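Working notes for the structure below.
Here the structure is a predicted model, which means the values were calculated and not measured. Chain letters run A, B, ... following the sequence lines, proteins first and then strands; every chain starts at 1.
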Amino acid sequence: MYSLSLHFFYPWIYLKKRIFTFCTIETGQFFSSGHTNNWAVLVCTSRFWFNYRHVANTLSVYRSVKRLGIPDSHIVLMLADDMACNYRNPKPATVFSHKNMELNVYGDDVEVDYRGYEVTVENFLRVLTGRLPPSTPRSKRLLSDDRSNILIYLTGHGGNGFLKFQDSEEISNMELADAFEQMWQKRRYNELLFIIDTCQGASMYERFYSPNLMALASSQVGEDSLSHQPDLAIGVHLMDKYTFYLLEFLEEVHPASQANMNDLFKVCPQSQCVSTPGHRTDLFQRNPGSVLITDFFGSVRKVEITKDTINLTSSVKPPIQSIAEHHVLQFVADVSSQNPKQKDWHPPDGFILGLWTLILLVFFQTYGIKHLKHIF
Amino acid sequence: MHCKSLWIKASAKSPAKDQFQEELVIRPLHSGDIYASFQFRTLWDTDFLQEGQKKVSHYRLFPKSLGQVLSKFSVQELHISFTQGFWRTMQWGQPFIPSPPGAELWVWFHHTVSDVDGNWKELTNVLSGIFCASLNFIDMTNTVQPSASFKPLGLGNATDHRFLRYATLPREIVCTENLTPWKKLLPCGSKAGLAVLMKSEKLFHSSFHSQAVHIRPICQDEQCTSKAWELRQTLNVVFDHYTSGQGKKEWSLFKMFSRTLTEACPLASSSKVYVDITDNPELSPATPLLSQAVVLGDRRTYSVYDLTRAETFGQLRSFNLLLRWKGDNMLRPLLHAERYVAGFGLQTGEIHTVIYNNHPYRAFPVLLMDSVPWYLQLYIHTLTVTSKSRDNKPSYIHYQPAKDRHRPHLLEMLIQLPPHSMTEVTVQFERALLKWTEYTPDPNHGFYVGSSVISALVPSMVAMSTNFTQDQPLFSSFVPVKEESSYFVRVYTEPLLVNLPTPDFSMPYNVICLTCTVVAVGYGSFYNLLTRTFQVDEPSPPLAKRLANFIRRIRGVPLLA
């Protein structure tokens, strides 16, 4: 009787184990692929006609992001001034990125969500953290969730630790870092790519402390980002160097391309850009070489094709559910308790050597070599 | 200004539940410019504001985004326009649909609405999302409730102006991002019909560009047994003789829009192009269809091209119009106005509004509406209205004074204009000093004051017909005609650009630095002198000596001094 009952239960246990392993493979793969939707927040913070290049920068990133698949409803575009229909523009309704008017980045199908005086530090931070007045329309909101990859692009005039908005106010790197931490705590992003094209741009990402952030800047602290080329017919500089080469790089990316972040880090070396672009990946969980460009710039959904039938409502539902649930809960707990990997601080190598040299020099200076025998 | 109903004779067949008509009117102007006016009308036999019945959920020709807005905010009538440029009445005549520079929004709410201000605020935010414009800057400081100037253009009891809200943003820019969502509201989008001509690179390279949306309920027959909602989308553009026309009075559709027409919108019941040939221009391709219409007090003749008929497109399957004219005749507009700021300095000033009545022998009244922001404090006791250098007392004045940071001035006056005269309205004002956070990021540009609105029933030289037929062109049926001898005209003046006294924004930083320095140096040194005690202290031996002493102590050898 006993052996008979064991035989009865044995296939059930075997089946349970099999389904359990099948399910763990599924959930593991599903969660390790990362994001399910893409958002982009593209901000130009400069006003006045001579800052045409900042609007052209933002519009060229907008154009690339739209071309690679992110729809207008998932893009928050903020332009602090209107260049296309500005009375000084000799070709109205156009914004060019190359001289000789080769490429019109404004196009015919553009939707600007925040324009003119609406582009302020307060509105930018409200968009990021989601604390908007209830009557704000959907197109002006960043409705991301914890499975969203967000691309944030800022351009304008900046300095060491701040970015200037419309020549009247500033956002500091600490405010930005705190805003990202608020986004992390409210689970408003899965991974975030932050690109900034201003003078001394690297100072803006120095203070980040939330996980899953990758940052790129066009210049280091103490360096200026330079503009690319003026157009004599329009009369102003059309683009900044870093974004110009970034646009050239992105024009070759298509939705199925396998280009990864390491290629993006190589965009615009010092020979082309004059300033040294920098990047920061220590807060990012994955290896940058395995992150595709389209993870942030495009809207590519992962589709898994399977020929097996997956029974979602089987009779052994409760145990499997609890195991899978447990797995999920464990994963969520892991992710939420993770602190950013802090590198241990070692003093620079030459420092210790220099210190000892200094000590010996002072000794010899005070006592002279021949007097040393009286001391020791 | 009062209008009761607009009725259309029912055709022999039962009318469709919703229908769409599109039309383009081309009018050559005597200065060499050319005026093109697009109108797209959707008529829908439904009722958004029904209570107790289930909500409208199936939208076909009527855009869903606007339909949902109408039912959610209980809107009776909605008029919104975005304009770039100023309409030059003396050079171009009267427009079919007038609009002021910038953005203008006026809405009549249904009489069942309890919180009109709350609905207005939410409506402006929703519309700013739909049209990608900064309409969320409309708030109580620039909204007014005109009592007589903006009566409903459709059905509706026009007695209570508490349900009317009017606001204008003169600084608002119009560009492709406003045109794109506007085009998406059309049933055929920009893919078929007349809307293929709307390319932003040509439309914004013009002297005047205005796009508007007008929604109102109208009667569908004489007895008004059934109501319908009418949505009109209008786009008026004036192409400049020199910048787009290369100095020649010769225009074609391709020259204006860099496109030609290939087909009518399949969803349209009528798709027509009207060309004004009253001054006998050369027109090709020729058409036998002619139509006469009395519009804006003038009898004009139009050539009609019907795009729903295949022979309009000819062998090449493309329709391109060629127009050449030499004439210089233009009917002098009977009513036009100007406005400017007089005075000097940054403390006071004077607003002058000049209204011209060019009718040789008839006098008629006009209603002038002025909405001035609160930071220009008007002195109404200095208000003077003079015609032909004599005082002219208005018969009706409605004035609502401004409240600082709360609401603007509203001044409405009914002025009788003597024939062939110039009337000047002047009022003095004082400029306020704003708080330093209320200035825009570029305060030295100046602050805008919205256009004045002058509404009038102008006596017509030609008798107008009050009968309406179903195939009346859209451009003559926008404003309903109640009397035969006058037509309704609305004239907008220029917006004003006024400089306010602007502070030096770096002063707070300077003051903080100076004050802190003075306090630190003055008070700090004084405090130190009072509280510091002095002690004699042995100087500590240098580092090398200290280290040597330490090693000697270890060795047990006597220490250095």
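Heavy-atom pairs under 4.5 Å with chain A peak, among B:Ala133, B:Gly129, B:Cys132, at B:Cys132. The residue among A:Pro92, A:Ser168, A:Pro137 with the most heavy atom pairs within less than 4.5 Å of chain B is A:Pro92. The candidate with the highest count of non-hydrogen atom pairs below 4.5 Å against chain A, out of B:Glu201, B:Lys184, B:Glu122, is B:Glu201. The greatest number of non-hydrogen atom pairs below 4.5 Å with chain A, out of B:Thr180, B:Ile554, B:Ile130, B:Thr176, is found for B:Thr176. Of the listed residues (B:Leu203, B:Val174, B:Asn178), the greatest number of heavy-atom pairs within a distance under 4.5 Å of chain A belongs to B:Asn178. By number of non-hydrogen pairs under 4.5 angstrom with chain B, the leading residue of A:Asp109, A:Val362, A:Asp167, A:Thr366 is A:Asp109. Ranked by heavy-atom pairs under 4.5 Å with chain A, the list B:Thr124, B:Leu127, B:Asp442, B:Leu179 is led by B:Asp442. The most heavy-atom pairs under 4.5 Å with chain A, out of B:Thr243, B:Ile173, B:Val126, come from B:Ile173.
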Before giving the answer on side-chain contact (heavy atoms from CB on, under 4.5 Å), spell out for A:Gln166 and B:Thr440 the whole-Å C-alpha distance, their side-chain angles and the decisive distance to 0.1 Å.
CA-CA 10 Å; A:Gln166 296 219 38; B:Thr440 55; over 6 Å; no

B:Phe204/A:Lys91 under side-chain contact (heavy atoms from CB on, under 4.5 Å): CA gap, chis, key distance, verdict:
CA-CA 9 Å; B:Phe204 292 104; A:Lys91 294 207 99 192; over 6 Å; no

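Under a 4.0 Å N-O distance rule, the pair B:Glu177/A:Arg115 qualifies as a salt bridge.
Looking at B:Phe505, neither its backbone nor its side chain comes within 4.5 Å of chain A, counting heavy atoms on both sides. Heavy-atom distances place no part of B:Tyr439 under 4.5 Å from chain A, backbone and side chain included. Residue contact with chain B, scored on non-hydrogen atoms closer than 4.5 Å, is absent for A:Asn89. Proximity to chain B (any heavy atom under 4.5 Å) is shown, for A:Ser135, by both the backbone and the side chain. In this structure, no portion of A:Phe165 lies under 4.5 Å from any heavy atom of chain B. Of the atoms belonging to B:Lys121, not a single heavy atom falls under 4.5 Å from chain A.
A:Tyr114 and B:Asn136 are not linked by any side-chain donor-acceptor pair at a separation below 3.5 angstrom, with hydrogens and angles left out of the test. For the residue pair B:Ser200/A:Asp108, the side-chain donor-acceptor check at 3.5 Å is satisfied. The closest side-chain donor-acceptor pair between A:Glu118 and B:Ser134 falls under 3.5 angstrom.
Heavy atoms from other residues, nucleotides or ligands lying under 6.0 Å from CD of A:Glu102 number more than 12. Residue A:Phe50 qualifies as enclosed at atom CZ: its count of foreign heavy atoms under 6.0 Å is above 12. Other residues, nucleotides and ligands place more than 12 heavy atoms under 6.0 Å from the CZ atom of B:Arg405.
Taking NE2 from B:His445 and CZ from A:Phe48, the interatomic distance works out to 10.0 Å, rounded to the nearest 0.5 Å.
Residue A:Tyr106 comes nearest to B:Cys175 through the heavy atom pair OH-SG, 3.4 Å, listed as atom of the first residue, atom of the second, then distance.
B:Ser128 is listed as a side-chain neighbour of A:Lys140, based on a closest heavy-atom distance under 4.5 Å.
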